[in-house]
Amino acid sequence: MTQDEQKQAVAQAALKYVVDDAWIGVGTGSTANFFIDALAGIKSRIKGAVASSVKTAERLKGHGITVDELNNTGELAVYIDGADEVTAHGAMIKGGGGALTREKIVAAASRKFICIADGSKLVPVLGKFPLPVEVIPMARSYVARELLKLGGQPTWRQGFVTDNGNVILDVAGLSIVDPVGMETAINQIVGVVTVGLFARRGADVVLLGTDAGVDTRLVKG
Ligand code: 5RP
């Protein structure tokens, strides 16, 4: 299977985790886009969706799927999203598309997190993919210096502004052997809005694309 076919396959497989008559959280990126397209086929079964980005909201609405604010829906039954890297334990790097803050908020407000990814995203140790960190613009240089102290090589994602009006530093060179510890440490840096490490609240289920089909690699709870 090609990478896109794998993305499509996991997106389709995620439909079985959609809860009838509920609000569901929907992620951002090319794999999430395949999921949105698949969700359109069963849209009458759900109340609607909370989007993790402006782009996702637009795609959902384009399919005639009701979109509402998280403040109006309360707790979500499930959140379905892709990842840039994921471990067998369900810890992830996210934010390649720059939507990490809203993704983390929607994930936190959801009972279950279903990660959908092609097989190339499974890694033994997180960190080869540069870790995105959303930062308040005036704190950019300060935060970059603090990230250097943690052993990373931050690069300003030029010309990119998040849906929240902030900037992103992509941090290369980290070998994240303790994802929860690293997430906590980066969260402590003043000026950081969100770090794209999803370890404290990782995935409950990881649906991975493989040549043989969809592999359910992890099930919590
Ligand atoms: C966006 C994300 C995406 O989930 C991540 O970048 C994976 O994207 P894709 O499905 O296109 O590979 O975190 O902020």
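Note that the numbering runs from 1 along the sequence shown for the chain. First listed ligand is number 1; within each ligand, the first listed atom is number 1.
Using a cut-off of 4.0 Å between Lys/Arg side-chain N and Asp/Glu carboxylate O, E58 and K61 are scored as not salt-bridged. Ion pairing between a basic and an acidic side chain is recognised when a charged N comes within 4.0 Å of a carboxylate O; E183 and R200 show no such pairing.
The 4.0 Å heavy-atom shell around ligand 1 contains residues K7, T28, G29, S30, T31, D81, G82, A83, D84, K94, G95, G96, G97, G98, A99, E103, K121, ordered by chain and number.
Between the D81 side chain and the T28 main chain, a donor and an acceptor come within less than 3.5 Å of each other. Between the K7 side chain and the F34 main chain, no donor and acceptor come within less than 3.5 Å of each other. No donor-acceptor pair closer than 3.5 Å links the side chain of K112 to the backbone N or O of A77.
Looking at S120 and D118, their side chains do bring a donor and an acceptor atom within 3.5 Å of each other.
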